[in-house]
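Predicted model only: the values in this text are computed from it and were never measured. Position 1 is the first residue of the sequence, and the numbers go up from there.
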Amino acid sequence: MSHMRVFITRNIPDIGPAKLRATGWDVDQWHSDEVIPRATLLEKVKGADAILSLLTERIDGELLDAAGSQLKVVANLAVGFDNFAVGEMTERHVIGTNTPDVLTDTTADLAWALLMATARMLPQAQKYVHDGKWTTWGPLLFRGQDIHHATLGLIGVGRIGAAMARRASGFEMKVVYYDAYRRQDLEEKYGYHYASSVEEVLHQADFVSVHTPYMPETHHLINAERLKMMKPTAILINSARGPIVDPKALYDALHNGTIWAAGLDVTSPEPIHMDDPLLTLDNCLIVPHIASASMQTRDNMSELAADNIINVLSHKAPKTPVNKDAVVAQGLG
Ligand code: GLV
């Protein structure tokens, strides 16, 4: 096996980098918990055969040109790959890979936690206790929304959406979903209800959870008009990508009581600016894009990203490519 150069753009769980170092290849890493400055990134990728990237790195024509024509694979440590200019990668026969499956349940767990925490007002209740306001048991205190027997509306029922639906079954919820691809298998097996549009989901659901990829078609999919279609008691959960929801419209909807609450793992922009009005609202729970952040899953993501690189640089098909045409073009598929 010829000598290969790999660049890793951040500190990540070492299981993947260790596997890459064990090959004897030249493995360079940006040892920081902060985003690598773009100019440094463009410098560092020069001559790399493989890049292990995060969703914070834009993999576009400029970066691919800076890397050079020997670049064979960019392995994203994420299932989403909206940071990839896939067309430009494929044109240059650069394989892109992501980390699906290994993070499905962990991500759904966090989305579910947001759903439960917003429904039962846990952040507000914790603050109340910490602020020394708990003087008595109160019949009017922190009355939330029931989760059991409510209707969960899913926008997108891919791997993570389906995992969310499985969690709902334990709470005896009705599941209504919209997806460009109708999943009759799930309807027959679990009794999920298909809605013919996003709007129909919004009208029916007590909880709306977004699980679509981010692309031009899903930019501000949840906008002012659509938020008005939700019930005033409804809760919006976004663990997909921030810009799928219009943040100004969401602020208005939460502030005016158009909807009851929101739980966000993702924001637009990311990180959220400290003067963003969403941060002034009690009924908006925001966490810093941590849905796949468990010890085990982050190890699994690191290992899968490394395995994808090892496969491609060893002239084998990657486990989880996002552009099969580039796999074929490299003669690996
Ligand atoms: C995280 O957001 C991911 O896409 O894995």
Side-chain angles (χ1 to χ4, degrees), residues 1-32 35-103 213 215 292 298-333:
M1 202 182 295
S2 56
H3 200 67
M4 294 288 176
R5 270 210 59 210
V6 180
F7 182 62
I8 304 169
T9 63
R10 188 88 69 89
N11 283 339
I12 65 172
D14 200 48
I15 184 164
K19 236 172 150 169
L20 287 164
R21 290 192 299 272
T23 59
W25 297 332
D26 172 9
V27 179
D28 187 14
Q29 185 165 8
W30 178 253
H31 284 291
S32 169
V35 181
I36 183 169
R38 180 76 178 176
T40 312
L41 176 66
L42 295 179
E43 199 51 45
K44 286 282 190 184
V45 297
K46 227 169 249 170
D49 297 280
I51 301 168
L52 198 160
S53 61
L54 309 191
L55 48 80
T56 41
E57 280 84 59
R58 175 114 199 100
I59 308 300
D60 56 10
E62 180 190 39
L63 181 133
L64 299 169
D65 289 343
S69 58
Q70 77 300 322
L71 180 67
K72 296 163 193 67
V73 57
V74 183
N76 224 25
L77 189 88
V79 65
F81 53 92
D82 44 291
N83 58 315
F84 281 1
V86 177
E88 304 226 35
M89 293 172 73
T90 308
E91 222 169 77
R92 291 165 169 82
H93 300 175
V94 173
I95 298 170
T97 68
N98 65 344
T99 57
D101 303 315
V102 293
L103 50 62
M215 46 194 169
S292 64
R298 287 285 161 86
D299 274 354
N300 292 338
M301 291 165 69
S302 173
E303 187 168 22
L304 177 54
D307 285 346
N308 276 319
I309 290 176
I310 291 169
N311 277 19
V312 173
L313 298 193
S314 313
H315 217 67
K316 290 193 207 118
K319 291 182 172 178
T320 50
V322 303
N323 55 349
K324 296 229 166 75
D325 288 351
V327 178
V328 171
Q330 286 194 34
L332 307 182

Chemist: Mind listing the closest non-hydrogen atom pair of A66 and L42 along with its distance?
Modeler: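 Closest approach of A66 to L42: CB-O, 3.7 Å.
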Chemist: Side chains of T320 and N308: any donor to acceptor distance under 3.5 Å?
Modeler: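 Side chains of N308 and T320: pair found under 3.5 Å.
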Chemist: Determine the minimum heavy-atom distance between S53 and V74, stating which atoms define it.
Modeler: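 Reported closest heavy-atom pair: OG-CG1, 3.5 Å.
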Chemist: Taking C-beta and beyond as the side chain, do R58 and L63 meet within less than 4.5 Å on heavy atoms?
Modeler: no
Chemist: Applying salt bridge (Lys or Arg N to Asp or Glu O under 4.0 Å), which residue pairs with at least one partner in residues 61-76 are found, sequence neighbours left out?
Modeler: R38-E62, D49-K72, D65-R92
Chemist: Take R10 and T56, measure what side-chain contact (heavy atoms from CB on, under 4.5 Å) needs, and give me the verdict at the end.
Modeler: CA-CA 10 Å; R10 188 88 69 89; T56 41; 3.0 Å; yes
Chemist: When you look at L313 and V6, which way does the side-chain contact (heavy atoms from CB on, under 4.5 Å) test go after all the steps?
Modeler: CA-CA 10 Å; L313 298 193; V6 180; 4.0 Å; yes
Chemist: Looking at S292 and L103, what are the two nearest heavy atoms and their distance?
Modeler: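 Result for this residue pair: CB-CB, 3.9 Å.
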Chemist: With a 4.5 Å heavy-atom cut-off, do I12 and L52 have their side chains touching?
Modeler: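 Counting from C-beta outward, I12 and L52 do come under 4.5 Å.
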Chemist: At their closest point, which heavy atom of F7 faces which heavy atom of K44, and how far apart are they?
Modeler: CZ-CB, 3.5 Å
Chemist: Closer than 3.5 angstrom, by distance alone: can the side chain of S302 be matched with the main-chain N or O of D14 as a donor-acceptor pair?
Modeler: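 Side chain of S302 to backbone of D14: no pair is present.
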Chemist: Quick one: are P100 and F81 in side-chain contact, heavy atoms under 4.5 Å?
Modeler: no
Chemist: With a 4.5 Å heavy-atom cut-off, do D101 and L304 have their side chains touching?
Modeler: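 Not in contact.
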Chemist: State, yes or no, whether a side-chain contact exists between I8 and L20 at a heavy-atom distance under 4.5 Å.
Modeler: yes
Chemist: Using a 4.5 Å cut-off on heavy atoms from C-beta on, say whether the side chain of I51 contacts that of T9.
Modeler: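 When only atoms from C-beta onward are counted, I51 and T9 do touch, with a gap below 4.5 Å.
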Chemist: With sequence neighbours left out, which residue pairs that include part of residues 316-329 fulfil the salt bridge (Lys or Arg N to Asp or Glu O under 4.0 Å) condition?
Modeler: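 Only D307-K319 qualify under salt bridge (Lys or Arg N to Asp or Glu O under 4.0 Å).
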Chemist: Between I59 and V94, does a side-chain contact (heavy atoms from CB on, under 4.5 Å) hold up when you go through it step by step?
Modeler: CA-CA 11 Å; I59 308 300; V94 173; over 6 Å; no
Chemist: Show the nearest heavy-atom pair for residues R298 and P13, with the distance to one decimal.
Modeler: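 In terms of heavy atoms, the two residues are closest at O-CG, 3.7 Å.
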Chemist: Say you draw a straight line from CD of E303 to CD1 of I310; how long is it, rounded to the nearest 0.5 Å?
Modeler: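 Between E303 CD and I310 CD1, I get 8.5 Å after rounding to 0.5 Å.
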Chemist: Look at the side chain of Q330 and the backbone N and O of H93, then say whether any donor-acceptor pair between them is shorter than 3.5 Å.
Modeler: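 Yes, the answer is positive, given that a donor and an acceptor are paired below the 3.5 Å cut-off.
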Chemist: Please name the pair of heavy atoms, one in M301 and one in T99, separated by the smallest distance, quoted to 0.1 Å.
Modeler: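 That would be O-CG2, 3.6 Å.
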Chemist: Can you sort out the partners of D82 under side chain to side chain donor-acceptor pair (under 3.5 Å), two or more places apart, ordered by chain and number?
Modeler: R241
Chemist: Starting at CH2 of W25, measure out to NE2 of H3 and round the result to the nearest 0.5 Å.
Modeler: 10.0 Å
Chemist: Ignoring hydrogens and geometry, is there a side-chain-to-backbone donor-acceptor pair from N323 to I95 under 3.5 Å?
Modeler: no
